[in-house]
Amino acid sequence: NAGVTQTPKFQVLKTGQSMTLQCAQDMNHEYMSWYRQDPGMGLRLIHYSVGAGITDQGEVPNGYNVSRSTTEDFPLRLLSAAPSQTSVYFCASRDQTGLNTEAFFGQGTRLTVV
Amino acid sequence: AQSVAQPEDQVNVAEGNPLTVKCTYSVSGNPYLFWYVQYPNRGLQFLLKYITGDNLVKGSYGFEAEFNKSQTSFHLKKPSALVSDSALYFCAVRDLGDYKLSFGAGTTVTVRA
């Protein structure tokens, strides 16, 4: 029962480098999302998807891209890393039907951009 | 637009005393309300939710929360706190007609022995 799996757990990037944060869920959830967590700011929504082939922007989408080719996977791409993107990133998924509306979170990716 | 406010950055209580973590929300429609807990270097764990029905909701680890529509509040409570309850707590809201989940800034709870 894996739930939501994020890789890597830790990453250090140089300014200008690109990378992809991976997220996979095995619960057949239609809705998936990416958040960043910064001290004193809670979790802020970066991008979300309501199903394969459908993505949309959240509060803080600049500098990030996403795609959803399958129900299971929702990778987050940093196009050209900046120090302001130093943060902890969380992927989440939830069921869209019925009252099972709570989100399930991955363990997070701690990203440092130097 | 929807939003959540957690007015206290930190809450400190002695073990065995009651614990309350405050949350107020704003939505245009009917709210779905959630509490999550985060232990150091871990992801968020779901504690409880209010969708509809009874205003007093019971969740994991002895926590409960009361939905108050007139005060737009959803405070988290535990009658007798444990040292192991020390963690970061997040309140979150989703409008019934929206996909997005909005979080408060979080409240750090410290329970001293």
Side-chain angles (χ1 to χ4, degrees), chain A residues 2-7 9-10 21 23 25 27 29-51 54-61 68 74 87-111, chain B residues 1-10 21-25 27 29-54 57 59-60 63 65 74 87-108:
Chain A
V4 180
T5 303
Q6 289 183 238
T7 56
K9 287 186 170 55
F10 302 94
L21 280 63
C23 176
Q25 54 93 5
M27 297 172 282
H29 287 167
E30 292 182 348
Y31 183 90
M32 296 185 74
S33 55
W34 277 100
Y35 292 86
R36 59 178 288 172
Q37 182 182 19
D38 301 292
M41 303 187 75
L43 277 76
R44 292 181 292 169
L45 183 64
I46 304 172
H47 284 286
Y48 66 98
S49 169
V50 298
I54 306 169
T55 64
D56 206 346
Q57 297 181 350
E59 300 173 69
V60 289
R68 185 93 179 271
F74 190 45
S87 187
V88 181
Y89 292 85
F90 289 100
C91 178
S93 74
R94 72 165 190 263
D95 191 355
Q96 283 288 90
T97 61
L99 296 179
N100 296 323
T101 57
E102 62 267 28
F104 295 83
F105 285 81
Q107 293 298 296
T109 296
R110 186 173 294 275
L111 176 67
Chain B
Q2 57 193 35
S3 65
V4 176
Q6 293 181 242
E8 300 159 317
D9 291 336
Q10 293 198 350
V21 186
K22 296 179 180 177
C23 170
T24 59
Y25 67 90
V27 296
N30 292 321
Y32 286 176
L33 292 154
F34 306 85
W35 277 101
Y36 288 85
V37 60
Q38 185 182 31
Y39 298 100
N41 301 313
R42 303 293 300 274
L44 277 71
Q45 297 179 28
F46 169 74
L47 276 180
L48 51 79
K49 65 184 177 185
Y50 172 83
I51 304 298
T52 186
D54 195 348
V57 178
S60 306
F63 283 95
F74 189 57
L88 180 58
Y89 290 80
F90 289 101
C91 182
V93 68
R94 180 164 75 88
D95 193 314
L96 176 60
D98 199 341
Y99 292 110
K100 299 185 291 292
L101 186 63
S102 297
F103 285 84
T107 299
T108 299

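In what follows, chains are A, B, ... by sequence order, proteins preceding strands, each numbered from 1.
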Problem - Euclidean distance, B:Lys100 NZ relative to A:Tyr31 OH, rounded to 0.5 Å - result: 7.5 Å
Problem - OH on B:Tyr36 to CZ on A:Phe105, rounded to 0.5 Å - result: 5.0 Å
Handout entry: Winner by heavy-atom pair count (cut-off under 4.5 Å) against chain B, out of A:Val4, A:Asp56, A:Val50
Key = A:Val50
Exercise for the section: Check the pair B:Gln38 / A:Val88 against side-chain contact (heavy atoms from CB on, under 4.5 Å), numbers first and verdict last. Expected result: CA-CA 13 Å; B:Gln38 185 182 31; A:Val88 181; 5.8 Å; no
Practice task
Any chance you could lay out the side-chain contact (heavy atoms from CB on, under 4.5 Å) test for B:Asn41 and A:Arg110, step after step, and finish with the verdict?
Solution key: CA-CA 9 Å; B:Asn41 301 313; A:Arg110 186 173 294 275; 3.5 Å; yes
Handout entry: Interface moiety of A:Leu43 toward chain B, non-hydrogen atoms closer than 4.5 Å
Key = both
Completion exercise
The interface call for A:Ala92 against chain B, heavy-atom contacts under 4.5 Å, is neither
Handout entry: Region of A:Gln37 that comes under 4.5 Å of a non-hydrogen atom in chain B
Key = side chain
Handout entry: Test log, rule side-chain contact (heavy atoms from CB on, under 4.5 Å), inputs B:Leu101 and A:Tyr48
Key = CA-CA 10 Å; B:Leu101 186 63; A:Tyr48 66 98; over 6 Å; no
Handout entry: Closest non-hydrogen atom pair between B:Ala105 and A:Gly40, with its separation
Key = CB-O, 3.5 Å
Handout entry: Interface moiety of B:Phe46 toward chain A, non-hydrogen atoms closer than 4.5 Å
Key = side chain
